[in-house]
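Scroll down for the structure; my scribbles are underneath it.
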Amino acid sequence: MHTYQVLKRPLITEKSNMLIGVGQYVFEVDLRANKAQVKEAVEAIFNVTVEDVRMINLPAKRRRHPRSRIIGRKAKQVMRQAQRKKAIVKLAAGQSIGLFEGV
C-alpha cells in the first residue's frame with residue numbers, strides 16, 4: 001500500500017485534542033493498514049519519530065430499516081457511518097505535528 005493511502009485524515013475531537021498535550025495524535029487510516037504501515041507513513045509524511053502506534057477498529061453504525069423491525073448495518077459506501085479504523089500515534093518527546101497546532 002502506498003504511503004499516502006494509509007492515512008485518510010486526522011481526527012479532531014475533544015479527546016484527540018487532550019491527547020495532543022501528551023504527544024499523541026489520532027488519524028483515520030485505511031481498513032487494510034497495520035501498525036508498521038501507519039508508523040512508516042507518519043514518519044515519512046511529517047518527518048517525526050514514532051514511538052508507539054495503537055489501532056482501534058470501529059464497527060459500522062447500526063440502523064433500523066424503515067418498514068420492518070430488522071436491524072442492520074450502514075452501507076460501507078457512506079464514509080462517516082461505515083466501518084472505520086483509527087490509529088493513535090505517540091511521538092518521541094519534544095516532537096509535534098504542525099497540522100494539529102492551533103486547532
Side-chain angles (χ1 to χ4, degrees):
M1 188 180 309
H2 193 268
T3 303
Y4 288 97
Q5 292 176 335
V6 174
L7 300 179
K8 288 187 175 179
R9 65 188 179 106
L11 293 178
I12 309 295
T13 62
E14 288 183 36
K15 185 175 181 178
S16 67
N17 282 336
M18 289 189 314
L19 289 175
I20 289 173
V22 187
Q24 297 179 2
Y25 297 87
V26 183
F27 294 95
E28 183 175 339
V29 297
D30 192 85
L31 291 174
R32 300 166 293 172
N34 58 31
K35 289 182 180 185
Q37 290 172 333
V38 171
K39 180 179 179 179
E40 290 174 6
V42 171
E43 287 178 345
I45 294 170
F46 298 109
N47 295 324
V48 293
T49 304
V50 176
E51 287 185 354
D52 186 33
V53 177
R54 292 183 289 162
M55 305 289 279
I56 303 166
N57 285 315
L58 299 169
K61 291 190 177 181
R62 295 171 48 149
R63 63 168 283 202
R64 188 180 70 82
H65 293 279
R67 295 189 179 146
S68 66
R69 294 178 184 225
I70 299 172
I71 295 177
R73 299 262 183 208
K74 289 277 191 177
K76 289 189 177 185
Q77 290 79 17
V78 181
M79 183 63 159
R80 301 260 183 213
Q81 291 83 16
Q83 182 180 3
R84 298 185 299 163
K85 195 175 208 180
K86 293 193 310 188
I88 301 174
V89 178
K90 182 178 180 182
L91 301 183
Q95 294 190 345
S96 64
I97 296 176
L99 179 69
F100 289 90
E101 299 301 323
V103 176

Inset, instruction - Might you work through the side chain to side chain contact (heavy atoms under 4.5 Å, CB included) test for K90 and V53, ending with a clear yes or no? - result: CA-CA 6 Å; K90 182 178 180 182; V53 177; over 6 Å; no
Legend entry - Shortest non-hydrogen contact between M55 and A87, atoms and distance: SD-CB, 3.7 Å
Legend entry - Flag if over 12 foreign heavy atoms under 6.0 Å of NZ, K85: yes
Legend entry - Inter- and intrachain pairs under ring-ring contact (aromatic ring centres under 6.0 Å, His included), touching residues 4-24, at least two apart: H2-Y4
Inset, instruction - Can you run down the ring-ring contact (aromatic ring centres under 6.0 Å, His included) pairs that involve residues 35-54, sequence neighbours left out, and say none if there aren't any? - result: F27-F46
Inset, instruction - Kindly indicate whether the side chain of I12, heavy atoms from C-beta on, has any atom under 4.5 Å from the side chain of N17. - result: yes
Legend entry - Pairs meeting criterion side chain to side chain donor-acceptor pair (under 3.5 Å) with involvement of residues 29-43, two or more places apart: D30-R32
Inset, instruction - Could you tell me which non-hydrogen atom of V48 sits nearest to which non-hydrogen atom of S96, and how far apart they are? - result: CG1-O, 3.8 Å
Inset, instruction - List the steps, then state whether side chain to side chain contact (heavy atoms under 4.5 Å, CB included) holds for L91 with T49. - result: CA-CA 6 Å; L91 301 183; T49 304; over 6 Å; no
Legend entry - Sequence-distant partners of A44, side chain to side chain contact (heavy atoms under 4.5 Å, CB included), two or more places apart: T3
Inset, instruction - Just jot down the side chain to side chain contact (heavy atoms under 4.5 Å, CB included) partners of I88, sequence neighbours excluded, or say none. - result: L19, Q24, V26, R54, I56
Inset, instruction - Using a strict cut-off of less than 4.0 Å between a Lys/Arg side-chain nitrogen and an Asp/Glu carboxylate oxygen, indicate whether K86 and E28 qualify as a salt bridge. - result: no
